[in-house]
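Written below as structure tokens is the structure these notes are about.
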Amino acid sequence: MKQRIAHIALLVSDYDDAITFYTQKLHFDLIEDIKLSEAKRWVLIAPKGTFGFSLLLAKADNEEQRSRVGNQTGGRVFLFLNTDDFERDYQNLLDNKVTIIRKPIEQPYGKVAVFADLYGNLWDLIERNEIL
């Protein structure tokens with residue numbers, strides 16, 4: 001049997017605002033943007049160099065979903081962005097005025113900082129140690 005996780009849905013308030021944030025501030029690629037109906041689109045984004053996995057930007061379309069935008073995990077770090085150059089990507093966050101929640105620290109697994117996306121979802125930016 002061969003399986004893999006292809007996408008994770010990320011609730012957003014507005015497709016275009018989310019696309020702008022992820023493509024312009026985090027430099028993600030817009031993989032697909034297909035109109036499904038007047039209110040719904042199939043929008044996939046992924047960090048540059050990512051193969052086989054993407055985030056599905058899912059516009060919240062009812063009150064319960066809208067209440068979860070920015071807080072899909074109850075305030076815990078939700079997504080983990082590995083990098084091959086922590087300083088470059090951390091500086092990019094600062095340059096683009098992305099909210100830094102926790103400044104960089106060294107952990108046994110590597111260097112990590114926590115930032116928030118435009119809705120408040122928490123992300124770890126991580127440069128992993130080569131040997132664990």
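Both backbone and side-chain heavy atoms feed into the values below; hydrogens, waters and symmetry mates do not. We number each residue from 1, following the sequence as shown.
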ask   = Is any side-chain heavy atom of I101 less than 4.5 Å from a side-chain heavy atom of W123?
value = no
task = Apply the test side chain to side chain contact (heavy atoms under 4.5 Å, CB included) to residues Q72 and L11: give CA-CA distance (whole Å), side-chain angles for both, the deciding distance (0.1 Å), then the verdict.
result = CA-CA 8 Å; Q72 288 183 225; L11 288 170; 3.4 Å; yes
Between side-chain atoms of residues 111-118 and protein atoms elsewhere (two or more places apart, or another chain), which donor-acceptor pairs fall under 3.5 Å?
| unit_1 | atom_1 | unit_2 | atom_2 | d |
| --- | --- | --- | --- | --- |
| K111 | NZ | E87 | OE2 | 2.6 |
| D117 | OD1 | Y119 | N | 2.9 |
| D117 | OD1 | G120 | N | 3.0 |
| D117 | OD1 | N121 | N | 3.0 |
| D117 | OD1 | N121 | ND2 | 3.4 |
| D117 | OD2 | Y22 | OH | 2.5 |
| D117 | OD2 | N121 | ND2 | 2.9 |

query = Do the non-hydrogen side-chain atoms of L79 and L55 ever get within less than 4.5 Å of each other?
reply = yes
task = Would you indicate whether E64, at its atom CD, is surrounded by more than 12 heavy atoms from other residues, nucleotides or ligands within a distance under 6.0 Å?
result = no
message = Around atom CZ of R88, are there more than 12 heavy atoms from other residues, nucleotides or ligands closer than 6.0 Å?
response = yes
ask   = Less than 4.5 Å apart, any side-chain heavy atom of L30 and any of V43?
value = yes
query = Heavy-atom distance under 4.5 Å between the side chains of Y90 and T83, does that happen here?
reply = no
query = Between D33 and R41, is there a side-chain N and carboxylate O pair less than 4.0 Å apart?
reply = yes
key: Nearest non-hydrogen partners of A18 and V12, listed with the distance   = CB-CG1, 3.7 Å
query = Would I8 end up clustered with L56 when hydrophobic side chains under 4.5 Å apart are linked, directly or stepwise?
reply = no
request  = Kindly work out whether a path of hydrophobic side-chain contacts (I/L/V/M/F/W/Y, heavy atoms less than 4.5 Å apart) joins L26 to V77.
outcome  = no
message = Treating T50 as the side-chain partner and F53 as the backbone partner, does any N or O pair qualify as donor plus acceptor under 3.5 Å?
response = no
For the student: nearest non-hydrogen atoms of Y15 and K40, plus distance = OH-CA, 3.7 Å
Side chains of F28 and L81 in contact at under 4.5 Å (non-hydrogen atoms) = yes
request  = Answer yes or no: are there more than 12 heavy-atom neighbours, outside R66 itself, under 6.0 Å from its atom CZ?
outcome  = yes
L36 with L44, same ILVMFWY side-chain cluster at under 4.5 Å = yes
note = Heavy atoms of N129 and P108 approach each other most closely as ND2-O, 2.7 Å
task = Could you walk me through whether I19 and L57 pass side chain to side chain contact (heavy atoms under 4.5 Å, CB included), step by step?
result = CA-CA 8 Å; I19 290 168; L57 301 181; 4.0 Å; yes
ask   = What distance separates D89 CG from I126 CD1, expressed to the nearest 0.5 Å?
value = 12.5 Å
message = Hydrophobic clusters here meaning ILVMFWY residues chained together by side-chain heavy-atom distances under 4.5 Å, can you tell me if V98 and L122 are in one?
response = no
request  = Kindly indicate, with the supporting measurements, whether the criterion side chain to side chain contact (heavy atoms under 4.5 Å, CB included) is fulfilled by L93 and L125.
outcome  = CA-CA 10 Å; L93 296 175; L125 175 66; 4.0 Å; yes
Check: E127 side chain, F86 main-chain N or O, donor-acceptor pair, under 3.5 Å = yes
Worked check of side chain to side chain contact (heavy atoms under 4.5 Å, CB included) between R128 and F80 = CA-CA 11 Å; R128 305 271 314 199; F80 301 81; over 6 Å; no
inquiry  = Between H7 and I5, is there a side-chain heavy-atom distance shorter than 4.5 Å?
reply    = no
message = Minimum heavy-atom separation for N62 and Q65, please, with both atom names.
response = OD1-N, 2.8 Å
key: Donor-acceptor under 3.5 Å (N96 side chain, N92 main chain)   = yes
key: Hphob cluster co-occupancy, I105 + I100, side-chain heavy atoms under 4.5 angstrom   = no
inquiry  = Tell me if a side-chain donor or acceptor on D14 pairs with a main-chain N or O of D16 at a distance below 3.5 Å.
reply    = yes
